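Read through the structure below, which is laid out as structure tokens, and then see the notes.
Please read all numbers here as calculations on a predicted model, not as lab measurements.
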Amino acid sequence: MQPSRARETAVKAITDWPITGRRAPRPVTSIRHLFGVNVFSDEVMKARLPENIYKAIRNTIKKGAPLDESIADVVAATMREWAMEHGATHFTHWFQPMTGLTAEKHDSFLVPTEGGGAIAEFSGKELVRGEPDASSFPSGGIRSTFEARGYTAWDPTSPAFILENPNGTTLCIPTAFCSWTGEALDKKTPLLRSIEALSTQAVRILKLFGSEATSVHCTAGPEQEYFLIDKHFYYARPDLLNAGRTLFGAKPPKGQELEDHYFGAIPERVLAFMLETETELYKLGVPVKTRHNEVSPAQYEIAITFENANVATDHNMLVMETMKRVADRYGLQLLLHEKPFAGVNGSGKHLNWSLADSLGNNLLKPGETPHDNAQFLIFLLAVIKAVWKHGDLLRVAVANAHNDHRLGANEAPPAIISIFLGDMLQDIVEQIEKGGARSAKTGGELKIGVSVLPTLPRDAGDRNRTSPFAFTGNKFEFRAVGSSQSVSGPIVVLNAIVAETLDEFATQLEAAVVAKKDLNAEIQTLLQATVKECKNVIFNGDNYSDAWHAEAERRGLPNRRTTIDSLPDFVTPKSMKLFGKYGIFNEREIHSRYEIFLEGYRKTINIESQLTLQIARRMILPAALRYQTEVAQAVASLKAAGANAPKSELALLAELTSCIEDLQVAADQLSMAAEEGHDGDSLAHAKHARDAMIPAMSAVRTAADRLELMVADDLWPLPTYQEMLFLK
């Protein structure tokens, strides 16, 4: 089929979408009865396991106690029985390698017997450990092709679940993934390490306030943004199919300027997709809370409520996978790229992050007593100092080629990491710096541990949608995270940097207690010094303004505009010391991830450059030449008839010829940039991609997008922005 025909067919298929062709609605089932039915939950374990086994597994989950092999055998047998009751024939260790996706290798429960039959078996050993091939996953040099052995290790803190398929079900067991030599090859292992490190330091602070809490866990609630377009358009766009974003596309007459899509009525077909997605996620125990239209046409959001960060990370991966699977049932394509369409909002994953102790207290929620207020301010200032000291690492945590297109554009925060506190907290922080001077907003002396800090409601101040890291009442919202990312990386960095500042605070205050100094006075001194040191990272204004960029530079805040500017911060001595001290990454693991990130960046740009050349030369240029021929023939016909061609036609022909020449020249320059040899290490290769290939791709797009606005509509081969964003 000719490209222009593919576009025409796609439009016709969508506009002719039959009512009878939609999926029949599922029977209405109470969410209460549906929620978690496919999860090997605590409730299921309590009902099915012997009491001593249940207590042992709970001790492992809550306290990290070792699990005896005999106990693992009982848990495995019970899990297998439960899974087979749900129709499962296979099990898999479900893990998250450095691809940013999930991975699984399915094994059958059935084992042949001597009599020619088969029995179902699943041992504790199979539950606790698996052995997938580790050589073909990104490892950054940790594993070579001939060093294939890797291990998956059961993570009992994240519940096993059943994944349904039209022809059967599979038992999925969340696991960590490491090499034979013990290095982490995945996203989960560092996350679990960081959670433990943060808990250790946070408990030290709580003990100073007399708390009986035995652990602290970070909580997370990701808000997932995404685009949906019709699959016919997706298949007619090689760039979307292979790169996840449009490499070409002229600005449509209408984009998001009228602001009429945000929170608008959800299109029927999209709502049907959302309802079925939620049904599938409820079964998996994912606490879906919110759905709505986002700012850009064809853009939407789904959000889950707060959970333990480890479980929330697993659940967010399930959200992305489930949406992709369900969208296909409705003839839709899920786009998770951070910037699939130029000129309109990109997609982020706002990461809401907080801290809670084992007694259920939110440590970032201001209390009503002086005691609680002092504790809250310790944790608040610990986060502020962490972001001040390690904003560069937070930027690394959201760095990739996709997110470079989004940050700093169309309502996305800039690459400068700063903190928004709101007017009330800002005032309180300023009073702390002054040593407890009278506050215009509180109306009283602010002496930590003596006077009462006013209770802050959840919405203590206005929102700041331009801030990359904002306090929103009882949590921080990290808005720079990209939509396609696992939230594991940003959480790992947050946990590590906050653990470090809590460690510093605890060490100083514990020494004061040993020396029998006044604890309240020491807290006041500590907080005052912290505010003076770190106040430059607090900014409540417009992060989009040019003035802020200049101000941020004056304040000493780094501005890593691209991934390649940012990634070297990950391998500095400061970074090595931080992650090594708390056992989150060793040096080899840090360098491996650095190499993986650089390689991913370079490969992404290589793929996009090849696609740009193919589409420009094989689709756009032929269409432009056909139209040029038509215009030239029209001019020639007039001349043959003895008439002078109108100036407008001559001007059109001249402009077409100029644009076609610009496209060909730009394509040739991109081809040379892509083929150019680069000496040096992986960073040099990545810099070449950024400095030579991306500008060359941009030049090709500029010429092609000009042609899109000139070439006859019936000749243009690619579905347009107007069609993809508005035809549903």
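- If you take CG on Leu101 and CE on Met320, they are separated by 7.5 Å, rounding to the nearest 0.5 Å.
- Glu104 and His93 share no side-chain donor-acceptor pair at under 3.5 Å.
- Atom CG of Leu49 is separated from atom NZ of Lys55 by 13.0 Å, given to the nearest 0.5 angstrom.
- Here Glu599 pairs with Lys603 under the salt bridge (Lys or Arg N to Asp or Glu O under 4.0 Å) rule; sequence neighbours left out.
- Taking the side chain as every heavy atom from C-beta outward, Leu206 and Leu363 approach each other to under 4.5 Å.
- Within the 4.5 Å cutoff, side-chain heavy atoms of Ser486 are placed close to those of Met317.
- Looking at Asn352 and Glu223, their side chains do bring a donor and an acceptor atom within 3.5 Å of each other.
- With no hydrogens or angles considered, a side-chain donor-acceptor pair links Lys349 and Asn316 at under 3.5 Å.
- Nearest approach of Ala480 to Arg406, heavy atoms of both residues: O-NH1, 3.2 Å.
- For residues 157-177, every residue pair satisfying the side chain to side chain donor-acceptor pair (under 3.5 Å) rule, not counting sequence neighbours, is listed here: Asn38-Glu164, Asp155-Thr157, Thr157-Asn310, Ser158-Asp314, Glu164-Lys283.
- Glu589 and Arg193 are joined by a salt bridge, as a carboxylate oxygen and a charged side-chain nitrogen come within less than 4.0 angstrom of each other.
- Ile417 CD1 to Ser467 OG: the interatomic distance, rounded to the nearest 0.5 Å, is 8.5 Å.
- With hydrogens and angles ignored, the 3.5 Å screen pairs no side-chain donor or acceptor of Thr189 with any backbone N or O of Asp186.
- Ion pairing between a basic and an acidic side chain is recognised when a charged N comes within 4.0 Å of a carboxylate O; Asp73 and Lys125 show no such pairing.
- Considering only residues two or more places apart in sequence or on other chains, His86 meets the ring-ring contact (aromatic ring centres under 6.0 Å, His included) condition with Trp82.
- Of all the heavy atoms in Asn474 and Asn362, the pair that sits closest is O-ND2, 3.2 Å.
- Nearest heavy atom pair, residue Pro490 against residue Val487, reads CD-O, 3.3 Å.
- Side chains of Ile491 and Leu191 form a contact here, defined as non-hydrogen atoms less than 4.5 Å apart.
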Worksheet item: Does the pair Leu185 and Met98 meet the rule for a side-chain contact (heavy atoms from CB on, under 4.5 Å), with working shown?
Response: CA-CA 7 Å; Leu185 297 174; Met98 292 301 296; 5.6 Å; no
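- Ser211 places no side-chain N or O within 3.5 Å of a backbone atom of Lys207 that could act as its donor or acceptor partner.
- Looking at Trp154 and Pro156, their side chains come closer than 4.5 Å, going by heavy atoms from C-beta outward.
- Between Phe227 and the choices Leu334, Leu335, Leu332, the side-chain contact (heavy atoms from CB on, under 4.5 Å) rule is met once, by Leu335.
- Looking only at atom types and distance, the side chain of Glu500 has a donor-acceptor partner in the side chain of His390 under 3.5 Å away.
- Screening Leu163, Leu318, Thr152 for a side-chain contact (heavy atoms from CB on, under 4.5 Å) involving Trp94 leaves a single residue, Leu318.
- Using a 4.5 Å heavy-atom cutoff, the side chains of Arg395 and Leu407 are in contact.
- Classified by interplanar angle (parallel below 30°, tilted 30° to 60°, perpendicular above 60°), the ring pair Tyr300/Tyr226 is tilted.
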Item to complete: Would you sort out whether Ile205 and Phe379 count as a side-chain contact (heavy atoms from CB on, under 4.5 Å), showing the intermediate values?
Response: CA-CA 9 Å; Ile205 296 292; Phe379 282 98; 3.7 Å; yes
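- Of all heavy-atom pairs spanning Gly124 and Ala76, the tightest one is N-CB, 3.7 Å.
- Remark: side-chain polar atoms of Thr501 are paired, donor with acceptor, to backbone N or O of Ala382 under 3.5 angstrom.
- Contact of the Ile229 side chain with the Tyr234 side chain is registered, since non-hydrogen atoms from C-beta on lie closer than 4.5 Å.
- Taking each heavy atom of Pro340 and Gly244 in turn, the nearest pair found is CB-O, 3.9 Å.
- Taking the six-membered ring where tryptophan is involved, the planes of Phe579 and Phe570 are perpendicular, since the angle between them exceeds 60° and thus also 30°.
- A salt bridge is defined here as a Lys NZ or Arg NE, NH1 or NH2 lying under 4.0 Å from an Asp or Glu carboxylate O, and Glu276 with Arg329 meets this definition.
- The distance from the CG atom of Leu198 to the CG atom of Leu494 is 9.5 Å, given to the nearest 0.5 Å.
- How far CG of Leu336 is from CD of Gln485: 12.0 Å, rounded to the nearest 0.5 Å.
- Ring geometry, Phe122 versus Phe109: the interplanar angle exceeds 60°, so the pair is classed perpendicular (tilted spans 30 to 60°).
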Worksheet item: Can you list the steps and then say if Ile162 with Val37 is a side-chain contact (heavy atoms from CB on, under 4.5 Å)?
Response: CA-CA 9 Å; Ile162 294 290; Val37 295; over 6 Å; no
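- Ring-plane geometry between Phe95 and Phe177 is classed as tilted, the angle between the planes lying from 30 to 60 degrees on a 0 to 90 degree scale.
- Distance check, rounded to the nearest 0.5 Å: CD of Glu225 to CD of Glu301 gives 5.0 Å.
- Of the N and O atoms on the side chains of Ser488 and Gln96, not one donor lies less than 3.5 Å from an acceptor on the other residue.
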Practice prompt. With side chain to side chain donor-acceptor pair (under 3.5 Å) as the test, would you mind laying out the steps for Gln224 and Ser483 before giving the verdict?
Written response: CA-CA 6 Å; Gln224 177 73 58; Ser483 55; 4.8 Å; no
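- Heavy-atom contacts from other residues, nucleotides or ligands closer than 6.0 Å to NZ of Lys324 number 12 or fewer.
- Contact record, Ile173 with Phe91: CD1-CD1, 4.3 Å, taken as the closest heavy-atom pair.
- Taking the six-membered ring where tryptophan is involved, the planes of Trp353 and Phe476 are tilted, since the angle between them lies from 30° to 60°.
- The closest side-chain heavy-atom distance from Leu578 to Leu393 is below 4.5 Å.
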Item to complete: Kindly determine whether Leu275 and Thr279 satisfy side-chain contact (heavy atoms from CB on, under 4.5 Å), including the steps that lead there.
Response: CA-CA 6 Å; Leu275 289 168; Thr279 297; 5.5 Å; no
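- Here the side chains of His315 and Pro222 are not in contact, with every heavy-atom distance at 4.5 Å or above.
- Put simply, the side chain of Arg269 gets close to the backbone of Tyr330: a donor and an acceptor are under 3.5 Å apart.
- Annotation for Glu43: atom CD does not count as buried by contact number, only 12 or fewer foreign heavy atoms lying within 6.0 Å.
- With 3.5 Å as the limit, one finds a donor-acceptor pair spanning the side chains of Tyr54 and Asp42.
- Using a distance-only test at 3.5 Å, with no hydrogens or angles considered, no donor-acceptor pair links the side chain of Thr78 to the main chain of Arg48.
- Under a 3.5 Å cut-off, the side chain of Glu595 and the backbone N or O of Ser592 do not form any donor-acceptor pair.
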